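Owing to the predicted nature of the structure, the values given are computational and were not obtained by experimental measurement. FYI, the numbering just counts along the sequence from 1. What you see below is based on every heavy atom in this structure, not just the backbone, and it leaves out hydrogens, waters and symmetry mates.
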Amino acid sequence: MGTSAAAPAPFASAVSLRAALLAGEVTAVEVAAHFLERIAAREDLGAFVSVTNESALDAARAADAALATARSAPTPATPPLLGIPLAHKDLVDVAGAPTSSGSATQQARIAEDDHPVVAALRAAGSISLGKTQVPEFGLSCYSENLIASPARNPFDRDRTPGGSSGGAAAAVAAGLLPFAPGSDGGGSVRIPALACGLVGLKPGLGAVPGDVTRGYEDSFGSPILTVSGPLARSAADAAMLMDAMATPNMRGAHREAVHRAADLTGLTVATSTASPFEAALDVPLSDDALRAFTVAAERLALLGHHVDAAEFNYDPEYFEFFSTGWTASLSLLDFDEAQAERLMPLTREMRERALGRSLTEHRAAGARLREFGRDVRGQWGNTDIVLTPGLAMAAPRIGEFAALPPQQDYELQCKWTPFTSMVNVAGLPAITIPMFTDGDGLPVGVQLIGRAGSEPQLLAIAAQLEAF
């Protein structure tokens with residue numbers, strides 16, 4: 001089953017939607033109603049956990065009043081996303097909406113305040129239509145839990161759209177949203193973007209101010225892994241959303257970079273299929289994953305970039321200390337026995353392991369993660385861009401991960417996504433770009449890793465590759 005038919009103008013893209021709203025060709029209420037109808041018609045995708053129709057339409061009416069003022073007296077201060085709908089993951093708070101974090105351990109609570117990134121996007125004029133499906137506490141790279149139907153891939157509803165931004169990616173790919181913010185702690189923007197044929201940008205740590213309100217390390221001394229970034233059907237749409245999420249000094253830089261993408265040439269690109277998981281796991285790459293990698297390298301060379309193979313050497317113990325650091329925060333979840341029994345099997349086992357480790361062990365893993373980050377930043381820093389494959393294989397089927405014992409579930413996740421988590425540990429930006437669909441009609445893409453501050457450049461390269 002493929003994605004929905006092409007949307008009529010001005011709904012074909014977020015960029016065209018903004019232009020139509022500013023020109024008065026469509027109202028914010030009409031736009032919100034259009035997407036709310038699309039959401040209601042595609043409940044089969046399980047993309048949404050909750051839909052906030054009334055508050056969305058109220059916000060749309062307020063946006064129409066603001067748009068009328070903006071049209072009569074244009075000003076650069078007009079919010080950049082005024083009247084444009086999106087939705088937020090059910091891991092972040094949206095004032096007045098329920099937050100469950102994908103867990104059956106307790107009833108969803110109504111948030112009193114916005115998460116900082118949500119607040120920034122609200123200030124930019126966006127309208128939230130609801131909360132999208134996630135795995136429990138964002139732990140997994142597939143969006144299945146015990147509180148709602150699993151998120152499904154619009155290209156094949158029997159398969160996962162990835163995670164943890166799986167509901168958001170499914171919604172964008174199926175045309176239920178023009179774009180959506182996601183969060184990425186080990187690949188949670190890029191994995192579903194690859195699975196659903198979207199552009200997914202993981203910004204570098206600090207590029208989105210709402211991500212670093214509590215510093216750059218967690219309580220165990222590990223680097224902060226999770227950042228917020230856009231999921232979109234094009235580089236231009238992703239750039240528009242990223243501009244609204246970024247630090248003030250970078251707002252406008254992403255759209256400008258995409259606008260001038262044709263001028264970008266002469267970058268050094270290092271290609272690599274090495275994964276830091278290889279020392280601990282067998283990580284076979286499908287023929288399609290390798291073909292997309294090869295095609296991307298060839299196209300980058302045709303675009304005038306300098307493309308060469310590189311050899312990167314990764315710490316052979318990465319799998320162990322990343323796994324420890326990734327799950328350490330589960331030890332902070334204070335549940336009674338009954339609540340713990342309502343956890344997903346993977347979450348429950350990972351939490352028990354985390355509780356069984358000493359603070360010294362957690363801090364040692366944090367130190368190894370920081371050391372790994374320094375090492376790979378040094379290795380990757382010899383080139384402008386690192387090109388890797390995207391996902392190692394096609395998206396697994398719904399239930400395939402959860403049917404395995406927890407350790408095998410986790411290992412399969414790592415085998416499917418062998419190139420993403422290392423970028424979070426490094427704190428660098430990366431983007432995923434669809435290249436083609438395979439014989440079953442499933443998207444296949446690649447990942448580009450950039451230097452610190454290179455988010456605009458990565459979006460420009462994505463725009464270049466889209467033009468083929």
Side-chain angles (χ1 to χ4, degrees), residues 49-50 88-94 97-113 115-118 131-148 150 163-167 182-188 211-228 320-366 369 401-402 404-407 409-410 413-414 421 424-425:
V49 176
S50 61
H88 296 281
K89 291 172 66 171
D90 197 26
L91 297 176
V92 299
D93 282 351
V94 176
T99 302
S100 75
S101 298
S103 181
T105 54
Q106 51 200 350
Q107 287 194 340
R109 57 179 176 78
I110 303 301
E112 295 183 2
D113 301 300
H115 179 279
V117 173
V118 174
K131 305 295 285 294
T132 55
Q133 177 65 304
V134 295
E136 188 169 53
F137 302 122
L139 183 65
S140 305
C141 67
Y142 58 97
S143 297
E144 301 168 34
N145 58 41
L146 298 177
I147 67 165
S164 62
S165 306
S183 57
D184 189 316
S188 290
D211 291 330
V212 292
T213 56
R214 297 181 181 177
Y216 288 81
E217 292 183 6
D218 67 16
S219 58
F220 300 108
S222 293
I224 295 296
L225 301 178
T226 301
V227 297
S228 304
E320 295 300 330
F321 61 76
F322 174 77
S323 301
T324 299
W326 175 244
T327 58
S329 63
L330 294 175
S331 66
L332 304 176
L333 297 175
D334 185 17
F335 294 138
D336 60 30
E337 186 174 338
Q339 288 175 309
E341 285 300 315
R342 293 196 293 271
L343 290 167
M344 293 282 286
L346 176 65
T347 313
R348 185 165 58 249
E349 180 160 317
M350 292 298 187
R351 176 175 177 265
E352 289 171 356
R353 292 184 188 181
L355 287 168
R357 298 186 183 105
S358 67
L359 179 60
T360 299
E361 290 174 307
H362 284 303
R363 289 193 175 279
L369 287 169
F401 288 107
L404 297 170
Q407 181 62 26
D409 174 350
Y410 178 70
Q413 293 184 59
C414 294
S421 65
N424 297 81
V425 178

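Considering all non-hydrogen atoms of both residues, Arg342 and Ala104 come closest at NE-O, 3.1 Å. Heavy atoms only, all atoms of each residue included: Thr324 and Ala365 are closest at CG2-CB, 3.6 Å. Residues Ser100 and Ile147 share a closest heavy-atom pair of OG-CD1, 3.0 Å. Of all heavy-atom pairs spanning Ser165 and Ser188, the tightest one is OG-O, 2.8 Å. When every heavy atom of Leu369 is checked against every heavy atom of Pro223, the shortest pair comes out as CB-CD, 3.7 Å. Residues Pro406 and Glu349 share a closest heavy-atom pair of CG-OE1, 3.5 Å.
The distance from atom CG of Leu146 to atom OG1 of Thr105, rounded to the nearest 0.5 Å, is 10.0 Å. Taken to the nearest 0.5 Å, the OG atom of Ser331 stands 14.5 Å off from the CZ atom of Arg353.
Using a 30° and 60° split on the angle between ring planes, Tyr142 and Phe401 fall in the parallel class, below 30°.
Remark: the backbone N or O of Ala338 is not paired with any side-chain donor or acceptor of Glu341 at under 3.5 angstrom. Remark: the backbone N or O of Met344 is paired with a side-chain donor or acceptor of Glu136 at under 3.5 angstrom. Remark: the backbone N or O of Phe137 is not paired with any side-chain donor or acceptor of Ser101 at under 3.5 angstrom. The backbone N or O of Asp184 lies less than 3.5 Å from a partner atom in the side chain of Asn424, making a donor-acceptor pair. Not one N or O on the side chain of Lys89 forms a donor-acceptor pair closer than 3.5 Å with the backbone of Val134. In this structure a side-chain-to-backbone donor-acceptor pair under 3.5 Å is missing from Thr132 to Gly167. When atom types are taken as modelled, the side chain of His362 and the backbone of Ser329 share no donor-acceptor pair closer than 3.5 angstrom. At least one donor-acceptor pair closer than 3.5 Å links the side chain of Ser143 to the backbone N or O of Gly166. Counting only distance, with no hydrogens or angles, the side chain of Arg351 and the backbone of Ala328 share no donor-acceptor pair below 3.5 Å.
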Apply the test side chain to side chain contact (heavy atoms under 4.5 Å, CB included) to residues Lys131 and Val94: give CA-CA distance (whole Å), side-chain angles for both, the deciding distance (0.1 Å), then the verdict.
CA-CA 8 Å; Lys131 305 295 285 294; Val94 176; 3.9 Å; yes
Assess whether side chain to side chain contact (heavy atoms under 4.5 Å, CB included) is satisfied between Thr327 and Arg357, documenting all intermediate values.
CA-CA 11 Å; Thr327 58; Arg357 298 186 183 105; 3.7 Å; yes
Determine whether Asp93 and Asp113 satisfy the following criterion, side chain to side chain contact (heavy atoms under 4.5 Å, CB included), listing intermediate values before the conclusion.
CA-CA 7 Å; Asp93 282 351; Asp113 301 300; over 6 Å; no
Is there a side chain to side chain contact (heavy atoms under 4.5 Å, CB included) between Thr226 and Asp211 once you walk through the steps?
CA-CA 7 Å; Thr226 301; Asp211 291 330; over 6 Å; no
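Within the 4.5 Å cutoff, the side chain of Ser228 has no heavy atoms near those of the Val92 side chain. Residues Ser222 and Asp218 meet the side-chain proximity criterion, which asks for heavy atoms closer than 4.5 Å. A heavy-atom distance below 4.5 Å is not found between the side chains of Leu404 and Tyr410. By the 4.5 Å heavy-atom criterion applied to side chains, Leu225 and Val425 are counted as neighbours. In this structure, the side chains of Leu330 and Thr347 come closer than 4.5 Å at one or more pairs of heavy atoms. In this structure, Phe322 and Cys414 have side chains that are not in contact, with every pair of non-hydrogen atoms separated by 4.5 Å or more. For the pair Thr99/His115, no side-chain contact is recorded, criterion being any heavy-atom separation below 4.5 Å from C-beta on. Contact check for Ser140 versus Leu346: side-chain heavy atoms found under the 4.5 Å cut-off.
Gln133 and Asn145 share a donor-acceptor pair across their side chains, judged by distance under 3.5 Å alone.
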